Structures are given as structure tokens and as C-alpha cells.
Amino acid sequence: MQQQRQINELEPVTAPAMDPALGAYCSTTNTIVIISAFPRGLHELVRELTAKCYDVLVFHHLDEQALSALAVDLLIMDGTHETIQSKPRPSAIKAPAVLLVRGERQDQDPAVVSSFDDTMQWSAEAAGSVLSRIEELLLQPGHTPEERSDQVQRKELVVDFKKMAVYLGQARIDLTKTEFDLLKALLDTGGAVLSRQELMDRVWGDQYFGGSNTVDVHVKSLRQKLKDNPKSPTYIETVRGVGYRLAD
């Protein structure tokens with residue numbers, strides 16, 4: 001009964017943690033959704049995908065309404081269990097879709113199979129070949145990762161707003177909250193000039209009465225951490241007599 005309850009509830013399953021030796025951050029990733037009533041049987045695949053820096057979301061059952069709200073780059077439907085009848089590719093998903101089957105299963109509905117971009121035979125030993133095929137599908141012409149609203153990349157700089165983390169290349173940069181808020185304010189304008197007073201209002205609030213040199217001090221510190229030369233700026237440009245903007 002408890003097993004049946006788990007099957008019928010939409011419940012994301014946390015993917016295995018990524019080995020830090022494989023890299024602490026990926027600036028570009030794809031979101032892969034796996035629908036499986038028994039995700040434990042796909043543990044090896046989830047581990048491999050996570051190690052490759054994909055964002056993996058696992059659901060116990062198909063819910064098209066929930067899927068339509070997600071930015072999905074690839075869908076994997078688990079049809080490997082004899083007790084579970086595979087369903088056709090969800091109409092809400094326009095991204096490539098894969099159906100996993102066991103080699104001995106011959107009862108798949110041809111209409112179901114034909115609705116997917118590919119059908120792959122699954123076993124733990126086949127994880128490598130399945131992963132290779134998944135990467136091929138993600139690299140198809142015209143396919144690009146969904147834009148992530150919680151991340152912004154500008155040149156070598158990547159800002160993760162959800163985690164409040166900043167990366168320069170592969171190196172994480174430790175910023176104070178004030179420095180992070182200043183950088184976010186500049187990114188939010190998309191290159192428009194912000195006066196010192198506007199920056200003060202955005203970062204410290206309009207009730208703050210400190211001098212405008214406070215902004216200059218924190219911008220100087222931010223530039224040093226970003227290794228940004230103010231005479232030839234890569235990220236933060238000074239607009240004399242006004243304030244600051246993102247460099248072109």
C-alpha cells in the first residue's frame with residue numbers, strides 16, 4: 001500500500017551528490033526529467049547524468065500539468081518494469097524524449113514507442129551507451145539549453161542568484177552581500193547607467209544617508225575581486241560624473 005502511494009504521488013527524487021573531484025560548478029547545463037515508478041533501478045543512470053553536470057529531476061508518475069511548468073531539455077520515460085505500462089510521450093514536452101525498455105520486453109504498444117524520439121534498452125551495464133545517446137540528442141542542431149532565470153552569464157562571469165554565488169571562469173568568487181547586491185543592480189539594468197545615488201537606493205535603501213564615496217569604495221573592492229581593471233574594464237565601467245554601468 002505504501003509502495004502504491006509513492007507511485008501515485010508526484011515527488012521529486014534527489015539525485016546523488018556530485019563528486020567534487022568532477023568539478024564544483026558548470027556554467028551551462030541541461031535539465032533532464034526522468035519519469036519512473038521505481039527510480040532506484042535507474043540509480044546508475046542518474047549518477048552518471050549528475051556527474052556530467054546535468055540537472056536531473058526524477059518524478060514517480062507522469063503529470064503533464066507539472067511538466068508544462070518546467071524548462072525541460074530532455075525527457076526520459078522508464079518503461080523497464082513489467083508491472084507498469086508505458087505511456088505515450090507527453091504532449092506538453094517539445095524537447096527530445098526517450099523511452100527506456102528492458103531487452104526482453106516485447107509488449108510495448110507500437111503507438112507508444114513511435115511517439116518517442118528514441119527507444120533504448122536499459123541495464124546498469126548499458127549506462128555508458130545510453131548516456132552517449134542522450135548527449136547526441138542534446139547536441140542536435142537547433143537544440144540549446146533552456147534559459148535559466150536564476151543564472152546570468154556575462155563573458156567569463158557567472159552569477160547564480162538563487163545560490164547567491166559568483167564564478168569567474170571555474171573559480172568561485174567570495175563577495176560580501178553588499179558587493180553581490182551592487183553587482184546584481186548593475187546586471188539588472190542590462191548595461192544602463194546607474195548613478196551613485198541610484199545604486200545607494202537599490203543596495204542600502206532610500207533611508208540611507210551616507211556619502212556617495214561609499215559606493216566608490218565598494219565598487220573598488222568588487223572590481224579587485226573580479227580582477228577588473230578600471231582603466232580597461234571588462235565588467236564595470238565608470239561613467240564620469242554620473243556613476244557606473246556594465247562594460248560592453
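Not measured: the values here are computed from a predicted model.
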What are the two closest heavy atoms between [X] and [Y], and how far apart are they?
X: P233; Y: A247; value: O-CB, 3.7 Å
X: I34; Y: L49; value: CD1-CD1, 4.2 Å
X: A127; Y: E48; value: CB-CG, 4.4 Å
X: F38; Y: D78; value: O-OD2, 4.2 Å
X: E198; Y: V193; value: OE1-O, 3.9 Å
X: Y54; Y: E135; value: OH-CG, 3.3 Å

To the closest 0.5 Å, what do you measure between [atom1] ([X]) and [atom2] ([Y])?
X: L246; Y: D188; atom1: CG; atom2: CG; answer: 9.5 Å
X: E44; Y: L42; atom1: CD; atom2: CG; answer: 10.5 Å
X: L131; Y: E136; atom1: CG; atom2: CD; answer: 10.5 Å
X: L100; Y: W122; atom1: CG; atom2: CH2; answer: 7.0 Å
X: L99; Y: D117; atom1: CG; atom2: CG; answer: 11.0 Å
X: H218; Y: L182; atom1: NE2; atom2: CG; answer: 7.0 Å

Between R196 and the options T214, D216, D201, the side chain to side chain donor-acceptor pair (under 3.5 Å) test singles out D216
Passes side-chain contact (heavy atoms from CB on, under 4.5 Å), M120 versus V98? Steps please. CA-CA 7 Å; M120 305 181 196; V98 172; 3.6 Å; yes
All side-chain hydrogen bond (donor to acceptor under 3.5 Å, both in side chains) counterparts of T238, not counting sequence neighbours: R223
For K225, the side-chain contact (heavy atoms from CB on, under 4.5 Å) test, sequence neighbours excluded, returns I173, L175, T176, E179, S221
Give a yes or no on whether M164 and L222 share a hydrophobic cluster (residues Ile, Leu, Val, Met, Phe, Trp, Tyr; joining criterion: side-chain heavy atoms under 4.5 Å apart). yes
Check the pair L157, L183 against side-chain contact (heavy atoms from CB on, under 4.5 Å), reporting the backbone distance first and the verdict last. CA-CA 11 Å; L157 182 67; L183 180 59; 4.2 Å; yes
Within 6.0 angstrom of K155 NZ, more than 12 heavy atoms from elsewhere: yes
Within residues 226-237 or reaching into it, pairs that qualify as side chain to side chain donor-acceptor pair (under 3.5 Å) - sequence neighbours excluded: E237-R245
D73 side-chain N/O to I32 backbone N/O, donor-acceptor pair under 3.5 Å: no
R133 side chain to T119 main-chain N or O, any donor-acceptor pair under 3.5 Å? no
Chi angles and distances behind the side-chain contact (heavy atoms from CB on, under 4.5 Å) call for I134, I76: CA-CA 9 Å; I134 287 172; I76 299 175; 3.6 Å; yes
Is K177 salt-bridged to D181, cutoff N-O under 4.0 Å? yes
